[in-house]
Amino acid sequence: MSETTTITIARATRQRLGRVTFNGKPLKTADETVAALIEEHERRQFWEAMDAIDPDEYEAQAREEGVWPAEGEYADEEQMIRAQETTA
C-alpha cells in the first residue's frame, strides 16, 4: 500500500474533482483525478517545450554534439515510408 497524506481543499474544489472525466470516463478516486490532472499538465508542458524548439537550431546542436544521424542511418525508416507511399 502506498503512503498517503491529507490535503486541505475547499468543498467546491472537491466537488469539481469528482466531476472530472478523462476520455469520457469518470475517475474513481480523488487520487486518480489529481494524478491524471498532473500528468495532463506535464504532457502539455512537454509539448509546449517541443513546439518552442527551432528545428534548424536543434539540428545544428545535435550535429555539434555528434548525435545527428548520418545519411545512411535512415535506411529502415526510408524503406517503410516508401512502402507506405506505394500502397497509398
Side-chain angles (χ1 to χ4, degrees):
M1 185 171 182
S2 65
E3 280 189 49
T4 61
T5 188
T6 302
I7 59 172
T8 303
I9 59 171
R11 203 174 303 249
T13 303
R14 187 181 69 205
Q15 291 170 347
R16 288 176 64 199
L17 282 172
R19 293 190 301 267
V20 173
T21 62
F22 281 88
N23 298 323
K25 297 177 184 175
L27 298 169
K28 294 177 183 172
T29 66
D31 185 60
E32 285 181 0
T33 304
V34 171
L37 291 169
I38 291 169
E39 288 173 18
E40 179 62 23
H41 174 72
E42 291 171 342
R43 187 177 302 112
R44 285 183 185 186
Q45 284 183 317
F46 171 81
W47 287 112
E48 286 172 6
M50 292 301 287
D51 286 343
I53 294 173
D54 179 277
D56 295 328
E57 289 178 18
Y58 176 80
E59 180 179 345
Q61 181 70 32
R63 285 183 186 279
E64 184 178 310
E65 293 173 1
V67 295
W68 192 256
E71 289 297 318
E73 294 178 347
Y74 286 115
D76 293 337
E77 290 87 349
E78 289 172 0
Q79 289 177 5
M80 290 171 57
I81 291 168
R82 286 191 194 114
Q84 289 174 347
E85 289 172 348
T86 57
T87 59

- Whichever hydrophobic residues join L37 through chains of side-chain contacts under 4.5 Å: I7, I9, L17, V20, F22, L27, V34, I38
- Query: Do the charged groups of E59 and R63 touch, with an N to O distance under 4.0 Å?
  - Reply: yes
- Query: Is a salt bridge present between R82 and E85, judged by a nitrogen-to-oxygen distance below 4.0 Å?
  - Reply: no
- E57: side-chain hydrogen bond (donor to acceptor under 3.5 Å, both in side chains) partners, not counting sequence neighbours: none
- side chain to side chain donor-acceptor pair (under 3.5 Å): pairs with one or both residues in residues 11-39, sequence neighbours excluded: none
- Taking the side chain as every heavy atom from C-beta outward, state whether F46 and M50 have any atom pair closer than 4.5 Å. yes
- Go through E40 and R44 one step at a time and tell me if the salt bridge (Lys or Arg N to Asp or Glu O under 4.0 Å) criterion holds. CA-CA 6 Å; E40 179 62 23; R44 285 183 185 186; 3.1 Å; yes
